[in-house]
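Labels below follow one simple rule: chain letters A, B, ... track the order of the sequence lines, proteins then strands, and each chain is numbered from 1.
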Amino acid sequence: MADLHFELVSPERLVRSGPVHMVVVPGAEGDFGVLAGHAPMMSTIRPGEIAIYASAGATPERIRIEGGFAEVSEKGLTILAEKLEPVTAH
Amino acid sequence: MATLKELKLRIVSVKSTQKITKAKQMVAAAKLRRAQAAAEAARPYAERLEGVVASLATKVGGSSTAPRLLSGSGRDQVHLLVVMAADRGLAGAFNTNIVKAARNHAEALLAQGKTVKMLLVGRKARSGLIRQYGKLVIDYFDTSVFRSIGFAQADEIAGKVFALYEAGEFDVATLFYSKFRSALLQEPTAQQIIPVAIPADSAATVGGAVVEYEPDEEAILAELLPRNVKIQIFKGLLENVAGEQGASMTAMDNATRNAGDLIKKLTIEFNRSRQAAITKELIEIISGAEAL
C-alpha cells in the first residue's frame with residue numbers, strides 16, 4: 001500500500017514533511033486514523049497527542065499538539081498546529 | 001584654517017564612527033539573514049491556512065450565521081489601527097514611513113468623522129505617535145523586552161485585539177507594518193484584519209471533491225478565523241523584523257560610505273596643510289640663509 005504524505009506545520013516552520021504509514025489524529029469529535037487514500041475531510045483538533053506510524057506495526061512517534069486543524073486531501077494529510085512538542089518515550 | 005592637530009583629531013573621530021557603523025552594518029546583515037529565514041519558515045503555515053479559510057469562507061460567507069470576525073459588526077464607525085514598528089532607530093526612514101502611513105490613514109478617517117483608536121507595537125511606534133494621538137492610543141505592546149519575536153508575541157497581541165473586538169470597542173481593525181521586499185526596499189503596508197477580508201479569486205482552491213467536515217463548516221471556520229488573524233499579525237511582526245534589519249543595514253552602509261568620503265577629504269586637507277607648513281618653514285630657512 002502506498003504511503004501517506006504527511007505534513008506537520010507550526011506557525012514558525014514546517015516541522016516535518018514526508019511519507020508515513022498512518023497518523024492518528026485527536027479530532028474534535030474523536031480520534032481518527034488517516035491512511036493513504038483517506039476520503040477528503042477537514043477537522044479541528046482538540047489538545048492531545050498525534051501518533052505517527054512510520055510503518056505498519058512500528059512504535060508510533062508521539063507529538064503533543066495544542067489547538068490545531070487537520071486537512072485530508074488527495075495530496076495527503078496536513079496538520080496545522082499552534083503549539084507542539086514531542087513526547088519522549090517512557 | 002584648522003590646525004594640524006585639530007584635523008588629526010577629526011580624522012580619528014570619524015574613523016571610530018566608521019568602525020561603529022561598519023560593525024552595526026554587519027550585525028544587521030547577520031540578523032537580516034536570520035529574520036528572512038524565519039519569515040520564510042513561517043510561510044507554509046500562513047499559505048495553507050489562508051487557502052482553507054478562503055475556501056470555507058466562500059462556502060459559509062453568505063449565511064447570516066457567519067462568524068462575526070468574517071461578517072463584521074455591520075458598522076464602520078470605530079477604527080482600530082494596529083501600528084507595528086521597530087524598537088530601535090538607526091534604520092533610516094523605516095520607522096518614519098510606518099508612522100507616516102498610519103498618521104495619513106488616521107487623518108483621513110478623522111476627516112470623515114470616524115472614531116480612531118490605536119494599538120501600538122514597538123517603541124518607535126509609540127514615540128512616533130503618542131504625542132500627536134496620545135488620547136487615541138488605547139494600548140501599547142512593548143516588544144523590546146523580548147529577545148526574539150515569536151508566535152507567542154503575535155498570540156498576545158491578537159488576544160488584545162480580540163478582547164477589544166468582543167467588547168465592541170471597534171468595528172474595523174487595520175494593521176500597519178512594513179512589507180519586506182528587499183534589503184533596500186520596505187513598503188509600509190496597511191492591511192485590514194477585522195473583518196477578515198477574503199480574496200475574491202480563491203474560491204476554487206478545494207476543487208470538486210466532496211469534503212467531509214468535522215464538526216461542520218461553520219464551527220471550523222469560527223475556529224480558524226481567529227487563527228488566521230493571529231497569523232496575519234505574526235507575519236506582520238516577522239516582516240517588520242526583517243525590514244528593520246534590511247533598512248538598518250542599508251542605512252549603516254550609507255553611513256560607512258559617508259564616513260569613508262569624509263576621511264578621504266580630511267586626509268587630503270591634512271596633507272595639504274602639512275605640506276604648506278613644511279614649505280613655509282623651508283622658505284623661512286632659505287630666506288634666512290640668503291640674508292646672511
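With a 4.5 angstrom heavy-atom cutoff, A:Ser10 touches chain B only via backbone atoms. Heavy-atom distances place the side chain of B:Leu224, and not its backbone, under 4.5 Å from chain A. Only the backbone of A:Ala81 comes within less than 4.5 Å of a heavy atom in chain B; its side chain stays farther off. Residue B:Phe234 touches chain A through its side chain alone, counting heavy-atom pairs closer than 4.5 Å.
When B:Ala42, B:Gly150, B:Pro44 are compared by the number of non-hydrogen pairs under 4.5 Å with chain A, B:Ala42 comes out ahead.
Residues A:Glu7 and B:Arg48 form a side-chain contact, since some pair of their non-hydrogen atoms from C-beta on lies under 4.5 Å apart. Considering only heavy atoms from C-beta on, B:Ile231 comes within 4.5 Å of A:Pro11 through its side chain. Looking at B:Arg227 and A:Phe69, their side chains come closer than 4.5 Å, going by heavy atoms from C-beta outward.
To the nearest 0.5 Å, the span separating CD on A:Glu12 from CG on B:Leu238 amounts to 8.0 Å. With rounding to the nearest 0.5 Å, the separation of CZ in B:Phe151 from CZ in A:Arg13 is 14.5 Å.
Shown here is A:Lys83, whose NZ atom has no more than 12 heavy atoms of other residues, nucleotides or ligands within 6.0 Å.
Minimum interatomic distance between A:Met42 and B:Ile220 (heavy atoms only, all atoms of both residues): O-CD1, 3.6 Å.
A salt bridge between A:Glu82 and B:Lys230 is present, with a side-chain N of the basic residue lying under 4.0 Å from a carboxylate O of the acidic one.
Judged by distance alone, with hydrogens and angles left aside, the side-chain atoms of B:Glu223 form no donor-acceptor pair with the main-chain N or O of A:Thr44 at under 3.5 Å.
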